[in-house]
Every structure is written in structure tokens, then in C-alpha cells.
A.B. asks: 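Have a look at this one.
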There are 2 protein chains.
Amino acid sequence: METHELFHTIHQLSRTLTKQVNETLHPFGLYSAQWAVLFVLKTKGAMPQSALCEYLAVEAPPMTRTIQRLARQGYVQQVPGEDKRVKVIHLTDKAHEAYPEWEKAVLTMNDRLLEQVPWEQRMLVQMALHDWLGKMKGDLHE
Amino acid sequence: METHELFHTIHQLSRTLTKQVNETLHPFGLYSAQWAVLFVLKTKGAMPQSALCEYLAVEAPPMTRTIQRLARQGYVQQVPGEDKRVKVIHLTDKAHEAYPEWEKAVLTMNDRLLEQVPWEQRMLVQMALHDWLGKMKGDLHE
DNA sequence: TCCAATTGATTACTTAGGTAACTAAATTAT
DNA sequence: ATAATTTAGTTACCTAAGTAATCAATTGGA
């Protein structure tokens, strides 16, 4: 079996998915990277920017940009922390109010994309990929 | 189970993989997008730019850029086709000569990343993901 | 204590991909 | 046969993520 093929499929899937999310959120003026941040803040609550980076496994610079944009749109507020270096990111009331609509659109889209895929298969693949990722990251620190 | 998690894992894997390929090819002055093109040309032979796009599932503009860069580096030649609109992309002798080294580096890296993953599991996941992709693409054209 | 190293965030610049609008060549239809 | 449409490729501009370098605040060690 070709490892090339496998990796190519993963890339293609990733690109197709972001494309779908972007299309879905276009009516709300949001992009996929912004949605990822909004989702984490809604489900985990306010947190420092660095925690968002770690959670989403994204470097600091792209996170700065995404958050500044969300702030410009009034969906997020950067509150200085006790440690004056950190900025704690909060969802605004405006974001909390609009969130259910966003979530509904994304969930509907997600379900549509995988509706033909049995639940156990999703579970199996999710566990396998997560496991691979862990092993790769582990390798890199050896 | 959260679809969010699954999609997030796929994105993260995709990013980790391109990062690895970029690191691996850095000594040769090549980037992951270029490698994808070189690999297809080596295994499938010369083909029009549009065929490369279709094969790699990438839009025309990024392909133009990647190919122009490869041409600048002398790894690829754009030969006008019978149809004067098409440009047939050929590997140069320089590319053929260097290819084995590139391939060895990438294959070694690929194997290292998945060495702990049993062969059948790779196969299963590859088939599942490919199947999903097909279903998604199918959906979009309904 | 005070200097050195670390950490959180930003800025500048890069790769990688996407859409929209365009040109030139080829094909189809009237 | 010519006008209309389609196709291959490019240009301009966008999102998304990465590295390198920098700044300010904090922490640790001599």
C-alpha cells in the first residue's frame, strides 16, 4: 500500500471540510478558523490566548490574527489577566446570542457530510487517527 | 461522539504531515506542494497542467504557482501541446537525476511516522477516508 | 538583589490553498 | 461561417497556517 495515497486522502479531506465550513458560515460573515475559536470558547469558557493555541494546536501568530478579527467583529473581548502578559479571551453577549444559529448551521452540515457513514466507523477512524497523531507527536520529542 | 473532534483531528494530522514533509525536503530546497507534483509526474509521466490539477484535486491557480516555481528551479519544463492552450509538464533530466534522493528521504520519513501502526489498520483507515471523500463529493453535486 | 532565561503576544514575511475576473484558444450551435 | 460557449491557464486578491525576530512581563539563579 502507498503511504502517499493515505496522506493525500487526509489532505484532501481536510481541505474539503474547511471549504464546507466556510461555505456554511459565509452567510454569518465567519470563517472556519474563527468558528474553531468560537466553539472552544463556548464549550470550555473564557481562557488565555495561549490556552486556545494549545487546545487547537495552532501557533501563536495565526491565533493573534483570528482573535483580532473576532474582536473587530465584536464577538470576542481581550481582557488583561493578572499576569499582565496574558490576554484572557471572552465571548461577548453578541456572540452568545448568535452562537445557537451558527452551531445549528455547522452541525447540520457535519451530519449531512457523514450521514451515510455508520457511527461505529466514525468512532473507529477517530480513535485510529487520534492515536496516530499522538504517536507522531511523541516521536518528534524523542 | 463529537463530529467536531473527528474533523479537528483530521485537520491537525494534515498540518502535521505537511510540516514533516517540508522539514524533510528542506535540505533539497523543495516544499510539500512541489513534492506532490514531482511525485505524480515521476509515477504517471508527463501530463497537461489540468490533469495535474485533477489528479491532486487542487485548483488551477495554486498549480500554476507551484509549476512556475519548479520551472524556475529547473525541475520541470512546460511544453506547448497540440492544443495551443495546454501546457504539458515534463520532468527535466535534472529532476530525474535528483528524484531517488528525494524519494528516499520522504519514504523514510513516512515509514517512521507510521512504523508503529499495523499495516491492516492503515489499509482500513485509508479505505474509510477515501470512501467518505467520495460520498462528500457525490453529495455536493446532487 | 539583580541579571539571565523564559513566556505571552505581536509583527513581518513565507508557503498553501481558495475565488473571481480575465485572455486566448478551441468547440458548438445557429 | 460566424457568433456563442466552453476550456486551459494566468493574474489579483483572499483565508489559513508556519517560522523568525522582537517586545514586555515574569521567573530563577548567582
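For the numbers below, each heavy atom of this structure counts, side chains included, while hydrogens, waters and symmetry mates do not. Reminder, nothing fancy here: chain letters follow the sequence lines and each chain counts from 1.
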A.B. asks: Return yes when atom CD of A:Glu103 has more than 12 non-hydrogen atoms of other residues, nucleotides or ligands closer than 6.0 Å, and no otherwise.
C.D. replies: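 More than 12 heavy atoms, drawn from other residues, nucleotides or ligands, come within 6.0 Å of this atom.
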
A.B. asks: Go through the steps for A:Gln126 and A:His130 under the test side-chain hydrogen bond (donor to acceptor under 3.5 Å, both in side chains), then give the verdict.
C.D. replies: CA-CA 6 Å; A:Gln126 155 67 16; A:His130 192 266; 5.3 Å; no

A.B. asks: To the nearest 10 degrees, how far apart in direction are the end axes of the helix from C:dT1-D:dA30 to C:dT30-D:dA1, each fit to five base pairs?
C.D. replies: 10°

A.B. asks: Heavy-atom contacts under 4.0 Å between residues 25-49 of chain A and DNA chain D, which residues?
C.D. replies: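 Listed by number, they are A:Tyr31, A:Ser32, A:Ala33.
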
A.B. asks: If you find the nucleotide of DNA chain D closest to A:Asn22 and the one closest to A:Ala60, which residue's nucleotide is nearer the 5' end?
C.D. replies: A:Asn22

A.B. asks: Of the nucleotides D:dG18, D:dA16, D:dG9, which one has an atom closest to the side chain of B:Val86?
C.D. replies: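 Closest nucleotide among those given: D:dG9.
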
A.B. asks: Atom CD1 of A:Ile67 to atom P of D:dA16: distance rounded to whole Å?
C.D. replies: 14 Å

A.B. asks: Nearest whole Å is fine: how far is D:dG9 P from B:Met63 CE?
C.D. replies: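 Whole-Å distance recorded here is 10 Å.
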
A.B. asks: Pick from A:His4, A:His11, A:Gln12: which one makes a side chain to side chain donor-acceptor pair (under 3.5 Å) with A:His8?
C.D. replies: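 Of all the options given, the one that passes is A:Gln12.
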
A.B. asks: More 5' along DNA chain C: A:Lys19 or A:Ser50, using each one's nearest nucleotide?
C.D. replies: A:Ser50

A.B. asks: Knowing that exactly one of A:Leu114, A:Val106, A:Val21 qualifies, which makes a side chain to side chain contact (heavy atoms under 4.5 Å, CB included) with B:Phe7?
C.D. replies: A:Leu114

A.B. asks: On a plain distance test, is the side chain of A:Arg65 in donor-acceptor contact with the base of D:dA17 below 3.5 Å?
C.D. replies: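 Indeed there is one.
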
A.B. asks: For a quick check of understanding: with a heavy-atom distance under 4.0 Å over all strands, which category does B:Gln78 fall into, base, sugar-phosphate or nothing?
C.D. replies: sugar-phosphate

A.B. asks: What pairs of nitrogen or oxygen atoms, one from the protein and one from nucleotides 22-26 of chain D, lie under 3.5 Å apart?
C.D. replies:
from, atom 1, to, atom 2, distance (Å)
D:dA25, N3, A:Arg85, NH1, 3.3
D:dT26, OP1, A:Lys84, N, 2.9

A.B. asks: Scan for ring pair (Phe, Tyr, Trp, His ring centres under 6.0 Å) pairs involving residues 70-93 of chain A, sequence neighbours excluded, and state none if there are none.
C.D. replies: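 Sorted result for residues 70-93 of chain A: A:Tyr75-A:Trp102.
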
A.B. asks: Would you give me the side-chain donor-acceptor pairs under 3.5 Å for residues 49-60 of chain B, sequence neighbours excluded?
C.D. replies:
from, atom 1, to, atom 2, distance (Å)
B:Gln49, NE2, B:Thr64, OG1, 3.3
B:Tyr55, OH, B:Lys44, NZ, 3.2

A.B. asks: At under 4.0 Å between heavy atoms, what does A:Thr64 touch on the DNA or RNA strands: base, sugar-phosphate, or nothing?
C.D. replies: base

A.B. asks: Mind checking which nucleotides bracket the chain A contacts on DNA chain C, 5' to 3', with an atom under 4.0 Å from a heavy atom?
C.D. replies: C:dT7 to C:dT19

A.B. asks: Rounded to whole angstrom units, what separation is found between the CG atom of A:Leu70 and the P atom of D:dT15?
C.D. replies: 13 Å

A.B. asks: Tell me whether B:His26 at atom NE2 has more than 12 heavy atoms from other residues, nucleotides or ligands lying less than 6.0 Å away.
C.D. replies: no

